[in-house]
Amino acid sequence: MIVVLVEKGPDGLAVEVSRETVTFARSLSEAGGGVAIDAVVVGEVSDALREQLAAYGVRDVHRLGGEAYDSFAGAAWAAGIESVLAATTTVVVMAAGTPRGNEVLAHVAARRGVEMAANVLTFGGLSPFVVTRQVVGGQALEEMRLGNRPAIFTVAGHAVEAAPAATPGAATLVEHAPDVAAADLIARVVSSEEPEPDLSGDLKSAKVVVGAGRGAGSAEGFADLVELTELVGGSMGVSRVVTSLGWRPHHEQVGQTGSRISPDLYIPCGISGAIQHWAGCSSAKAILAINTDADAPMVTKATYAVIGDLHEVVPAINAEIRRRRGE
Amino acid sequence: MTNVLVCVKRVPDASSEVVLTADGQSVDGRFAGFTMSTHEECAVELAALVTAAGGGEATALTLGDAEAVEQLRAALAVGCTAATHVVADPQRFGPADVAREIAAVVRDHEAAGRSYDLILLGNDAADSGDFQVGIRLAYELGRPVVNGVTHVSVADGVVTASGAGTDGYETYRVPVPAVVTILEGGVEPRYPTVPGRMKAKKVAIEERTPAGEPTGPNRVKLALPPPVPSNVQILGKGADAAPAVVDVLEELGVLSR
Ligand SMILES: Cc1cc2nc3c(=O)[nH]c(=O)nc-3n(C[C@H](O)[C@H](O)[C@H](O)COP(=O)(O)OP(=O)(O)OC[C@H]3O[C@@H](n4cnc5c(N)ncnc54)[C@H](O)[C@@H]3O)c2cc1C
Ligand SMILES: Nc1ncnc2c1ncn2[C@@H]1O[C@H](COP(=O)(O)O)[C@@H](O)[C@H]1O
């Protein structure tokens, strides 16, 4: 059996990257002669979630419940996955390469004394089981052997496209309320403030996205970019550097650990085009890059490019649009 | 008093073009130069802040070849006060091996009278990106581990760690001793001053050999992604390109409203 840790979004449904991971699991299952795919979900499992997982071909949905799961603790989630493993013969444990996915599976791997591969893109042979994963910030690919069972790995965001199964599964609910050891609850979230509202839906469906990266320079450096976004009636999408530095909210992040966008036009300004960013914007129909560096990957991969300082180019574009509109 | 151990790794600077070694086992950093990952720079800054607030030693640790001493000196120049170098070829050590080696140092230092209340690591190393050494280390030592936070402080034997998490801004409170892995973005790593650099040069770095035989990273080989042919149409340079850009916007029909 293949076990996939499925994460839920604010709507209680499986997030896109978890659905991608189940899709990846299906290709693995097909290569391996059709082993069953089970999901592990922490907390509430709605009927809508079960229906969704059934459509993705999931056989059983193992729900982890009880007081231990009221707030996040990596070790407690791992203990829950272990209780699922104890009841089954599991050959593979997978999760999406999210912060939670990488953390929880590293706990499972450490507890079982087996290796873990983070951010896997594809699998090669089954015996020996070899995966290819991103290393060096995505600039290189590593082939890694996963000799022990269960094989534990996380799947890089947007490495595969989420797609429902040809044959749905039963998605039978199996309840688990494992006895979680006190030691596994020491490092536990004690308080959390409401997340920023998730407005990434607008970004994912936008026809035009104006992108901004480190080249914006500071939170204040966004004024012209915001104006361009308004002038083209689009959404703002940013690189991880921008969200890490707190210049813009996380729901605007495009990439492997952010949204995947597919606008008619993407206008990345001051974004180098690292592979993790590219994973989120490669399905844009056209890309118009603005960058000081003519050799930046975003420029060479783009449809159109302007070589220059975004703080000069963007205001000039804004002025030209306003001029043509007769403003 | 709070003693902090901060683990840093010498990694090739991946901001420029990456070249692989002939055997395909590692990145050839001779062209790009070396650095430590930005997560670890922030971990070093936090180690300096925590020890400055509570007194105590901030010890930097690396497992790496002889040149990795450069990253230890860099940490010493920005607030660390002691350093330990496990001299070994890092390519032969997988994440479980590195965790065991760090644990061995912690136990030896403890036996010699220096215990660590807090061990800081990066959330993931910039080269191997395994996302797991800190968690494995915590299991080796039987300590709690908080993963992927941007802020850490220690008071009255309690580590408070927080950062933007999946469920919003999340806070953890764990008793010392604890392991915490750091993401960049919470603190601004300070620049080394000239006196800081001078002081760093004078610190005697403890050199050790690995405590055990590594099992290895399970690496078959590295490869570079295939180059993508470029078909880019350059619309111009600087502000002068604006009319050409707006022409394209009109052609693509994205300006109509
Ligand atoms: C596991 C993992 C997951 C990741 N997930 C994501 C993700 O989801 N999304 C993401 O974006 N990144 C992600 N990253 C990070 C990614 O590797 C890059 O570090 C990041 O995308 C770089 O952001 P950037 O392009 O803004 O900055 P940089 O790489 O620093 O590039 C800045 C660019 O701006 C240009 N520039 C500078 N000044 C100007 C100016 N004045 N005018 C015009 N151009 C200028 C420069 O030439 C350069 O090309 C991830 C990394 C890892 C390891
Ligand atoms: N060779 C090493 N020496 C010291 N610290 C290391 C080493 N390898 C990894 N680490 C630490 O472990 C963190 C996570 O690494 P990884 O699990 O390999 O992604 C890094 O950010 C470092 O803080």
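Protein chains get the first letters and strands the later ones, always in sequence-line order, with residue 1 at the start of each. These values consider heavy atoms only, across backbone and side chains, with no hydrogens, waters or symmetry-generated copies. Every value quoted in this text rests on a predicted model; they were computed, and no experiment measured them.
For a residue to count as touching a neighbouring chain, one of its non-hydrogen atoms must lie under 4.5 Å from one of that chain's; by this rule V232(A) touches chain B with backbone and side chain alike. Interface residue I321(A): backbone and side-chain heavy atoms are both found under 4.5 Å from chain B. Both the backbone and the side chain of S191(A) come within contact range of chain B, each with at least one heavy atom under 4.5 Å from a heavy atom of that chain. Residue contact with chain B, scored on non-hydrogen atoms closer than 4.5 Å, is absent for A183(A).
Rounding to the nearest 0.5 angstrom, the gap separating the CD1 atom in I267(A) from the CG atom in L249(B) is 5.5 Å. Rounding to the nearest 0.5 Å places OG1 of T215(B) at 8.5 Å from CD of E115(A). If you take CD on E143(A) and CG on N218(B), they are separated by 13.0 Å, rounding to the nearest 0.5 Å. To the nearest 0.5 Å, the span separating CG on L183(B) from CZ on R240(A) amounts to 7.5 Å. Going from atom CD of E194(A) over to atom CG of D167(B) covers 10.0 Å, rounded to the nearest 0.5 Å. Atom CD in E103(A) sits 11.5 Å away from atom CZ in F131(B) (nearest 0.5 Å).
A side chain to side chain donor-acceptor pair (under 3.5 Å) with E142(A) holds for exactly one of K221(B), Q25(B), R219(B); it is R219(B).
By number of non-hydrogen pairs under 4.5 angstrom with chain B, the leading residue of R133(A), R188(A), E320(A), R100(A) is R100(A). The greatest number of non-hydrogen atom pairs below 4.5 Å with chain B, out of V135(A), I317(A), T132(A), V189(A), is found for V189(A). Looking only at heavy-atom pairs under 4.5 Å with chain B, the residue among T303(A), I287(A), L146(A) that has the most is T303(A).
No side-chain heavy atom of L141(A) sits under 4.5 Å from any side-chain heavy atom of L224(B).
Evaluation of the side chain to side chain donor-acceptor pair (under 3.5 Å) rule for D117(B) yields no partner, not counting sequence neighbours. By the side chain to side chain donor-acceptor pair (under 3.5 Å) test, R322(A) is found to be paired with E227(A), residues two or more places apart in sequence or in another chain being considered.
For a heavy-atom cut-off of 4.5 Å, chain B lies close to V299(A) in residues 292-299 of chain A. Within residues 143-152 of chain B, the residues having any heavy atom less than 4.5 Å from a heavy atom of chain A are, in residue-number order, P144(B), V145(B), V146(B), N147(B).
The pair R111(A)-E140(B) fails the salt-bridge criterion, with no side-chain N (NZ, NE, NH1 or NH2) lying under 4.0 Å from an Asp/Glu carboxylate O. Look at R324(A) and E250(B) and you find a salt bridge, because one of the NZ, NE, NH1 or NH2 atoms lies within 4.0 Å of a carboxylate O, short of that distance. Salt bridge K237(B)/D309(A): absent, no basic N to carboxylate O contact under 4.0 Å.
Judged by distance alone, the side chain of Q132(B) and the main-chain N or O of M116(A) form a donor-acceptor pair under 3.5 Å. Judged by distance alone, the side chain of S192(A) and the main-chain N or O of E170(B) form no donor-acceptor pair under 3.5 Å. A donor-acceptor pair under 3.5 Å is absent between the side-chain atoms of R136(B) and the main chain of A106(A), judged by distance alone.
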